[in-house]
Amino acid sequence: MKVLVLNCGSSSIKYQFIDTGKKFALAKGVVERIGMNSAILTHKRYDDEEIKIVGEILDHSIAIEYVLGVMLSKNHGVIDDKDDIDAVGHRVVHGGESFSGSVFITDEVIQVLQNNIELAPLHNPPNIKGIQAVKRIMPTTPQCGVFDTAFHLTMPPEAFLYGIPYELYKKHKIRRYGFHGTSHRYVSIEASKILGKDISELKLITAHLGNGCSMAAVKNGKSVDTTMGFTPLEGLLMGTRSGDLDPSLILYIMSKEGLSINEANTLLNKHSGLLGISGESSDMREIEAAVKDDHKRAKYAFNVFAYKIKKYVGAYSAVMGGLDALIFTGGIGENSSLVREYVCRDMEYLGIRLDSGKNHNKEIIISEDNSRTAVMRVPTNEELVIALDTAEIVTEIKEKEAV
Ligand code: ADP
């Protein structure tokens, strides 16, 4: 099956056109600056040079028309007809408590997404816009939604409830949801295959470290805890996000600095994290370069970043009653041997013995052969999971219809 995977943000749409049988991306690209008259579409067919098209792309519908236009084009295209797209799979950020897995998109599903807008005011509206645009442009093409939150719905109440009045959970749905679920699910399954073990027998910790960062405790194939919470701000230190804080300090900063709710939100989401501590950059490559130059605040930023990961490895091992493998993924997790080294230092008590050579050579299993707990580097592929889930759901529906 050939699936168009869409990740619709407020001013951008990332896309991949994936052959699910071959698990191969035939084309990929991004539309940026949607809403402006100088929006840019960057497109790359698997065997072609990257191309850029500038145009007036005022909304998501026009952006998707542009994507289809380039996919149909003679020189850079991959399809002859819109019908060559068998299905569309959407990354949807927030499924709330409604979806514990990927779904076929119907009008009822769109309604539930709309009901969940309050939980993800920045993310769900553009996701819905993308779904509605596809519905208008390709009305007969099946669409599926794959949720960032779904994998974590297996968390028990002790992991998802906050220490606030229970009525607020019931009334406003305030609880831990967790994000990056597609990635945590994918790398835990991949890791179990690489280890040659059944996932239902494994205790895994997955660390997705990109611009946004989160960890998950995956016991017997199910997420039992994760570091992101009600929003993707909680947990680890990130590029520009603070991660865990004493909640009172937000009120304190607001009163001391005279900040509005919006300004405080921006401070914690955009000016904190690696950027806030270092004062230099939100990009780990630049932080590491500054650390080598002995930049004091960059060192603090790096150490806080890695320390928090280490702390959660301990916490999640305790939660699961042991650990079989620690898995790193995402731009930092896959590429930074320094972060992995810091996290794994002095962890022999947990059976972790990192092999420094394998770590630097970016092998997949980077622990020593006799390490009781495996340490792994597993590249994530969220688009592939979205395409595979979509293909599975659509195939199932077609089979049922054929009966
Ligand atoms: P996103 O969360 O936006 O998908 P990525 O998963 O691509 O982001 O991760 C981006 C992060 O990965 C940046 O902080 C970047 O500096 C970091 N990164 C990429 N390559 C390296 C590298 N070789 N060494 C250290 N960090 C890296």
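This one's a predicted model, so the numbers in the text were calculated from it and none came from an experiment. Both ligands and their constituent atoms are indexed starting at 1 by order of listing. Residue numbers start at 1 and run along the sequence shown.
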Residues Lys52, Thr42; criterion side chain to side chain donor-acceptor pair (under 3.5 Å); working and verdict: CA-CA 5 Å; Lys52 284 189 189 294; Thr42 308; 3.1 Å; yes
Heavy-atom nearest neighbour in the protein, as seen from atom 6 (O) of ligand 1, with distance rounded to 0.1 Å: Gly331 N, 2.9 Å
Over 60° means perpendicular and under 30° means parallel, so tell me whether Phe179 and His94 are parallel, tilted or perpendicular. perpendicular
What is the closest protein heavy atom to atom 14 (O) of ligand 1, and at what distance does it sit? Met284 N, 3.1 Å
Closest protein heavy atom (residue, atom, distance) for atom 17 (C) of ligand 1: Ile332 CG1, 3.5 Å
Scan Leu267, Leu268, Asn269 and name whichever one has a side-chain contact (heavy atoms from CB on, under 4.5 Å) with Asn265. Asn269
Can you list the ligand 1 atoms lying under 4.0 Å from a non-hydrogen atom of Ser336? 25 (C)
Just going by heavy-atom distances, which of Thr380, Asp283, Asn211 is nearest to atom 15 (C) of ligand 1? Asp283
Under 6.0 Å from the CG atom of Leu251, do we count more than 12 heavy atoms belonging to anything else shown? yes
When rounded to the nearest 0.5 Å, the distance separating CD of Glu363 from CZ of Arg377 is 9.5 Å
Do any nitrogen or oxygen atoms of Arg285 come within less than 3.5 Å of a nitrogen or oxygen of ligand 1? yes
Report the member of Thr329, Asn335, Ile287 with the shortest heavy-atom distance to atom 23 (N) of ligand 1. Asn335
Is the distance from the ring center of Phe305 to that of Phe302 below 6.0 Å? no
Could you go through the side chain to side chain contact (heavy atoms under 4.5 Å, CB included) check for Leu113 and Asn127 one step at a time? CA-CA 9 Å; Leu113 293 180; Asn127 294 158; 5.8 Å; no
Is atom 4 (O) of ligand 1 close to the protein, meaning a heavy atom under 4.0 Å from it? no
Does any N or O of ligand 1 fall below 3.5 Å from an N or O anywhere on Gly210, backbone included? no
